[in-house]
Amino acid sequence: MEKKIRWALIGAGTIAKKRVCAAIFDEPRSDLVIIVDRDVSKAKELAELYGCQTYSDNFQDAIENPDVDAVYIATPVFLHAEQTVAAIEAGKHVICEKPLALDYRSAIRVVKAAQKSGVRATTAYFRRFSPKYLFTRELITKGIFEKILLTRICYHTWFQILPQSPLFWRAQKDLSGGGIIFDMGSHMFDVLIGLFGLPVSVFAKMRKIVFDYSVEDSSAIIMEYENGMLVTASFNWNSKTYAHEFEIIGTRAKIRWIPYDGDKITLITDSKVEEVEKPNYKNVHYPLIEDFVSAIKENRNPAISMEDAAKTNLLMEACYLSSQQSREIYLKEIS
């Protein structure tokens, strides 16, 4: 019988309840052996729901456990780099929730720890496994767009959170790293990097317009690539008119993901308009877990490298620096 990968889950919050536990539970080569949360009642509740025998409020109980092969870190962002490095140095394979770290320097520390150890490590940028991402990447490879001129990104929502909420850390810069850019921008930047690599330069404006958070609730960004392609991006936590969109415009074709996480793509060429069905996985975390388990068993790198995850931190850092200094930032200045 094939030996299963034995998992520890660190953090029993929203994402763990919504997707991560179910993905590990459903992956046939995986066993969930311990759940850890600083609120042990949350760890116990989730453990009982998924038939996990052990739960704890102590992180060390997971990474020092000889029965644990892999760790999924689903804690607030300020803990990501520290806990990921500790798990790696304990010899555990690691998936860290996004974004990888509070800043680029910390992200690079994780990358170096992973490179030194030889364990498998990745970050939970699950949208790179979506059928529409893979389809779009194939179209780019085939040259369907001819010359790509512009990529347009937007995410607009209403995110009002009170100080007494257990999720208020997301609005505190020292705990979250940033606002809407760290929250949803990181996912969309990762997709951009997966398709095109890093831009050469960034010009960004970040603002607090509606909410008195220590992080931005509005942003507008222009990026430029070496080949001349431009990117426009806008992210808002302060609009009750929801939008989540991704569009690539070329000289011969354009593609639209509207809504971004919907099950259809609109492909427009110089001869026709086509609706292409690309339904999401029922649990969008499942292919992330499946690929990671395969990477461990096949002794290969996971589909999303820690190096790429660090690139997202670099791009976000360039955006914040551009806004602070009111100038275009070239990424080579800070990398």
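Within a 6.0 Å sphere centred on CD of Q115, heavy atoms belonging to other residues, nucleotides or ligands number more than 12. Within a 6.0 Å radius of CD in Q53, other residues, nucleotides and ligands contribute 12 heavy atoms or fewer. Counting heavy-atom neighbours within 6.0 Å of F25 CZ, excluding the residue itself, gives a total of 12 or less. Counting heavy atoms of neighbouring residues, nucleotides and ligands inside a 6.0 Å radius, atom CG of N227 exceeds 12 of them. When the shell of 6.0 Å around CZ of R38 is examined, it contains 12 or fewer heavy atoms from other residues, nucleotides or ligands.
Checked against the 6.0 Å centroid criterion, the rings of W237 and Y155 do not qualify as a close aromatic pair.
Judged by the 6.0 Å and 45° rule, K278 forms no cation-pi pair with Y133.
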Original post:
Given Y125 and H187, is the ring-ring contact (aromatic ring centres under 6.0 Å, His included) satisfied, shown in steps?
Top reply: CA-CA 6 Å; Y125 286 120; H187 266 304; 5.7 Å; yes
Original post:
Step by step, would you call Y242 with H244 a side-chain contact (heavy atoms from CB on, under 4.5 Å)?
Top reply: CA-CA 7 Å; Y242 179 82; H244 194 189; 3.4 Å; yes
**OP:** Could you please spell out the steps behind the salt bridge (Lys or Arg N to Asp or Glu O under 4.0 Å) verdict for D190 and R128?
**Re:** CA-CA 8 Å; D190 173 70; R128 287 213 209 176; 2.9 Å; yes
**OP:** Evaluate side-chain contact (heavy atoms from CB on, under 4.5 Å) for R29 paired with S294, printing each intermediate quantity in order.
**Re:** CA-CA 9 Å; R29 301 165 297 171; S294 294; 3.1 Å; yes
Subject >> Residues R327, E333; criterion salt bridge (Lys or Arg N to Asp or Glu O under 4.0 Å); working and verdict >> reply: CA-CA 13 Å; R327 69 178 181 92; E333 296 179 45; 2.9 Å; yes
**OP:** Could you go through the salt bridge (Lys or Arg N to Asp or Glu O under 4.0 Å) check for K132 and D263 one step at a time?
**Re:** CA-CA 8 Å; K132 59 175 50 177; D263 291 335; over 6 Å; no
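Ring-plane geometry between Y320 and F182 is classed as tilted, the angle between the planes lying from 30 to 60 degrees on a 0 to 90 degree scale.
Residues Y330 and M316 do not share a hydrophobic cluster, defined by chaining ILVMFWY side chains whose heavy atoms lie under 4.5 Å apart. Two different hydrophobic clusters hold L134 and Y281 under the rule that ILVMFWY side chains link at heavy-atom gaps under 4.5 Å. I221 is not connected to V200 by any chain of hydrophobic side-chain contacts under 4.5 Å among Ile, Leu, Val, Met, Phe, Trp and Tyr, and they are in different clusters. No path of Ile, Leu, Val, Met, Phe, Trp and Tyr side chains, each step under 4.5 Å between heavy atoms, connects L167 with I73, placing them in separate hydrophobic clusters. I5 and V71 fall into different hydrophobic clusters, where Ile, Leu, Val, Met, Phe, Trp and Tyr residues are linked whenever their side-chain heavy atoms come under 4.5 Å apart, directly or through other members.
Here the CD atom belonging to E290 is positioned 13.5 Å from the CD1 atom belonging to I24, to the nearest 0.5 angstrom. Rounding to the nearest 0.5 angstrom, the gap separating the SG atom in C319 from the CD1 atom in I222 is 11.5 Å. In this structure, the separation between CD1 on I181 and CD on E317 is 13.5 Å, given to the nearest 0.5 Å. Once rounded to the nearest 0.5 Å, the distance linking CD of E97 with CD1 of I10 reads 13.0 Å. With values rounded to the nearest 0.5 angstrom, T123 atom OG1 is found 9.5 Å from I95 atom CD1. Atom-to-atom distance recorded for D291:CG and E298:CD is 8.5 Å, nearest 0.5 angstrom.
The backbone N or O of K205 sits nowhere less than 3.5 Å from a side-chain atom of S323 that would complete a donor-acceptor pair.
Residues W257 and T266 bring no donor and acceptor atom of their side chains to less than 3.5 Å of each other. Side-chain contact check for Y72 and H93: no donor-acceptor pair (N or O, by modelled atom type) lies under 3.5 Å. In this structure, a donor-acceptor pair under 3.5 Å is absent between the side chains of T241 and H156. At a cut-off of 3.5 Å, with distance as the only test, a side-chain donor of S201 or E328 sits close to an acceptor on the other residue. Side chains of Q83 and T75: a donor-acceptor N/O pair is present below 3.5 angstrom, by distance only. Side-chain atoms of N280 and S130 include no donor-acceptor pair closer than 3.5 Å. S218 and N238 share a donor-acceptor pair across their side chains, judged by distance under 3.5 Å alone. No side-chain donor-acceptor contact under 3.5 Å links W169 and S176. A donor atom on one side chain and an acceptor atom on the other are not found under 3.5 Å apart for Y55 and E45. In the model, R170 has no side-chain atom that pairs as donor or acceptor with a side-chain atom of S165 under 3.5 Å. Inspection of the S56 and N58 side chains reveals no N or O donor paired with an N or O acceptor under 3.5 Å.
By the 4.0 Å N-to-carboxylate-O rule, E307 lies too far from K311 to be salt-bridged with it. Salt-bridge annotation for K297 and D69: absent, with no side-chain N of the basic residue lying under 4.0 Å from a carboxylate O of the acidic one. Taking a cutoff of 4.0 Å between a charged side-chain nitrogen and a carboxylate oxygen, E277 and K264 qualify as a salt bridge. Using a 4.0 Å cut-off between charged side-chain N and carboxylate O, E2 and K4 make no salt bridge. A salt bridge does not link R207 to E216: none of the charged side-chain nitrogens sits closer than 4.0 Å to a carboxylate oxygen.
A ring pair (Phe, Tyr, Trp, His ring centres under 6.0 Å) with F189 is found for exactly one of F235, F246, F196, namely F235. Screening R6, K92, K3 for a salt bridge (charged side-chain N to carboxylate O under 4.0 Å, His left out) involving D67 leaves a single residue, R6.
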